[in-house]
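Worth saying up front: this structure is predicted, and the values here are computed from it rather than measured.
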Amino acid sequence: MSPEGIKLLNVIILGIGFMFVFTAFQTCGNIEQTVIKSINSTQFQGSGYTSLAIIYTLFSASNLLTPSIVALLGPRLSMFFSGLIYSAYVAVFIEPLTWSFYLASVIVGIAAAVIWTAQGNCLTINSDENTIGRNSGIFWALLQFSLLFGNLYIYFAWKGEKHISDHNRRTVYIGLTVISLVGSVLFFLIRNPGSEVLSTEEAKSDDESETALRPQGQRSQAIDAFKSAIRIFFTKEMLLLSVCTAYTGFELTFFSGVYGTCLGATNRFGNEAKSLVGLSGIFVGVGEIIGGSTFGLLNKFLSKYLGIGRNPIVLLGLFCHVIAFYLIFLNVPGDAPIVPDEGTDRVAYLIPSKTIAMACSFLLGLGDSCFNTQLLSIVGFMYSQESAPAFAVVKFVQSISAAIAFGYSNYLLLQWQLLILGVAGFFGTISFILVERKAETISHGSNYDRI
């Protein structure tokens with residue numbers, strides 16, 4: 001197989017590996033608060049929102065150090081060990097205890113920073129300016145299949161359930177743990193783009209080739225990676241991109257943790273309220289997959305024949321989200337994010353509609369794919385020589401904003417959360433447009449692909 005073929009295969013394996021790991025983790029996050037409310041044990045007093053706030057706080061705090069870890073271990077081993085920690089976090093819910101739940105939240109927060117920095121590094125290594133757009137879209141589309149499988153099971157298993165039993169909880173989380181472990185193992189199939197056959201001997205040379213990318217030695221490279229992350233963070237372009245990145249953290253919190261909880265707490269949806277948590281995740285996933293595949297696999301067609309670059313796609317994402325936020329405001333009760341397990345009998349401005357709720361889930365996913373595929377593409381293009389530190393900075397900003405959002409999700413009514421999202425989305429889009437203009441100037445009309 002040619003080096004280009006190996007690179008494409010690596011991107012596909014990368015996407016499938018993340019799909020398995022995050023089938024477990026994203027499904028876990030989507031149902032976490034709903035499950036925790038149903039746990040009948042005096043030994044467990046945890047909060048899903050608090051756990052996710054801890055995860056994203058540690059995620060953000062660790063991001064500036066993770067380029068050093070990736071420099072020492074290489075992207076493949078970094079993703080493998082991080083995947084194992086994700087599996088351990090999911091397994092905690094099989095027999096949840098408060099101390100183990102919060103301890104796992106701390107550890108997986110650090111692992112998240114490592115796995116996403118390694119992912120950005122691996123994606124950039126296997127791309128160039130002509131393929132970064134395509135590969136970003138392929139990875140994103142494969143990753144978002146993770147929202148389908150686990151949530152599809154949740155929808156059918158919990159349909160008609162008013163309370164989640166211990167047996168149902170254990171069955172779900174045992175299955176999710178196994179799925180996450182499979183994804184971790186898949187990372188070992190990623191090959192060195194320069195080799196054509198991967199044998200045991202070549203696997204060793206594969207690791208050596210990663211080390212060869214670190215000419216100043218492991219310790220020196222680790223220090224340089226940290227310094228690069230600090231320097232990149234304070235560049236004008238990254239500071240502007242940080243506004244857009246912060247918005248993706250806010251809206252990630254909303255669609256992955258808050259919105260599903262709101263649907264499950266709305267009693268006007270009847271006996272299907274709890275199953276709508278899973279169904280919402282499915283529709284978010286459909287939107288993510290359609291967006292990722294359209295703006296990835298068809299990026300050359302969109303750019304060459306329709307003249308569509310990054311800016312129109314980000315504007316489309318903002319439009320999708322504004323429509324979704326407005327409809328959610330009308331459709332879902334304002335106290336839904338903060339009510340206990342009994343739910344709320346209130347109504348907003350409309351009688352709660354499942355059709356509108358699922359349409360909003362789809363728009364949330366489609367808009368998120370617009371923003372994230374473009375961020376992957378523009379960061380990979382502008383910082384191709386320092387991809388690990390650059391992606392670490394992106395994840396630092398995204399995760400700290402997600403941690404802030406999970407923190408206020410415990411207390412703010414729905415309408416105030418939607419207002420924060422709308423304002424952040426507007427300014428994030430403006431900042432992205434300014435950086436994209438700079439990227440177009442740098443390209444000097446070259447063939448670089450804009451998703």
Y86 OH to F22 CZ distance, which is reported to the nearest 0.5 Å: 3.5 Å
Set of side-chain contact (heavy atoms from CB on, under 4.5 Å) partners for L103, sequence neighbours left out: W99, I107
Under the ring pair (Phe, Tyr, Trp, His ring centres under 6.0 Å) test, residues paired with F80 that sit two or more places apart: F188
Pairs involving residues 47-68, ordered by first then second residue, that meet salt bridge (Lys or Arg N to Asp or Glu O under 4.0 Å) (sequence neighbours left out): none
Minimum side-chain heavy-atom gap I115-F18 below 4.5 Å: yes
Heavy-atom side-chain proximity of F233 to V397 below 4.5 angstrom: yes
Y102 OH: over 12 foreign heavy atoms closer than 6.0 Å: yes
Straight-line distance of I433 CD1 to C244 SG, nearest 0.5 Å: 9.5 Å
Under 3.5 Å: donor-acceptor pair, side chain of Q417, backbone of L412: yes
Crowding at CZ, F20 (>12 non-hydrogen neighbours, <6.0 Å): no
A118 to M79 - nearest heavy-atom pair and separation: CB-CG, 3.6 Å
Side chains of N372 and E251 in contact at under 4.5 Å (non-hydrogen atoms): yes
Minimum heavy-atom distance T253-A402, with the two atoms named: OG1-O, 3.2 Å
Pairing residues for A403 by the side-chain contact (heavy atoms from CB on, under 4.5 Å) criterion, not counting sequence neighbours: Y56, T57
Close side-chain approach of F432 and L375, heavy atoms under 4.5 Å: yes
Partner residues of T177 under the side-chain hydrogen bond (donor to acceptor under 3.5 Å, both in side chains) criterion, sequence neighbours left out: none
side-chain hydrogen bond (donor to acceptor under 3.5 Å, both in side chains) partners for T171, two or more places apart: none
Point-to-point distance, once rounded to the nearest 0.5 Å, from CG of L315 to CZ of F371: 8.0 Å
Between CG on residue L366 and OG on residue S361, distance to nearest 0.5 Å: 12.5 Å
Counterpart residues, side-chain hydrogen bond (donor to acceptor under 3.5 Å, both in side chains), relative to T248 (two or more places apart): Q398
Test ring pair (Phe, Tyr, Trp, His ring centres under 6.0 Å) applied to F145 - qualifying residues, sequence neighbours left out: none
Minimum-distance pair of heavy atoms, taken over all atoms of A113 and S62: CB-CB, 3.7 Å
Beyond-backbone contact of R231 with V393, side-chain heavy atoms, under 4.5 angstrom: no
Any donor-acceptor N/O pair, S180 side chain to L176 backbone, under 3.5 Å: no
Listed partners of F283 passing ring pair (Phe, Tyr, Trp, His ring centres under 6.0 Å), at least two apart: none
Under 3.5 Å side-chain donor-acceptor pair for Y89 and S51: yes
S100 side-chain N/O to P96 backbone N/O, donor-acceptor pair under 3.5 Å: no
Member of L419, L363, L364, L414 meeting the side-chain contact (heavy atoms from CB on, under 4.5 Å) criterion with F325: L364
Audit row: L240, E436, side-chain contact (heavy atoms from CB on, under 4.5 Å) steps and yes/no: CA-CA 10 Å; L240 284 170; E436 169 64 359; over 6 Å; no
Nearest heavy-atom neighbours spanning P389 and S228: CG-CB, 3.7 Å
Worked check of side-chain contact (heavy atoms from CB on, under 4.5 Å) between V21 and F187: CA-CA 10 Å; V21 171; F187 293 133; 4.2 Å; yes
Main-chain N/O of L276 paired with S280 side-chain donor or acceptor, under 3.5 Å: no
Residues forming a ring pair (Phe, Tyr, Trp, His ring centres under 6.0 Å) with F250, sequence neighbours excluded: none
Check: W116 ring centroid to F396 ring centroid under 6.0 Å: no
T245 versus V394, closest heavy-atom pair with distance: CG2-O, 3.1 Å
Compile the donor-acceptor pairs under 3.5 Å between side chains in residues 327-338 and protein atoms, sequence neighbours left out, one pair per line.
residue: N331; atom: OD1; partner: S353; partner atom: N; Å: 2.8
residue: N331; atom: ND2; partner: S353; partner atom: O; Å: 3.2
residue: D335; atom: OD1; partner: T344; partner atom: OG1; Å: 3.1
residue: D335; atom: OD2; partner: T344; partner atom: OG1; Å: 3.1

CG-CE distance between L241 and M382, expressed to the nearest 0.5 angstrom: 7.5 Å
Step-by-step side-chain contact (heavy atoms from CB on, under 4.5 Å) determination, L148 to I289: CA-CA 10 Å; L148 295 185; I289 292 165; 3.5 Å; yes
Set of side-chain hydrogen bond (donor to acceptor under 3.5 Å, both in side chains) partners for S127, sequence neighbours left out: N135
Atom pair CG (N267) and CG (D345), whose distance is rounded to the nearest 0.5 Å: 4.5 Å
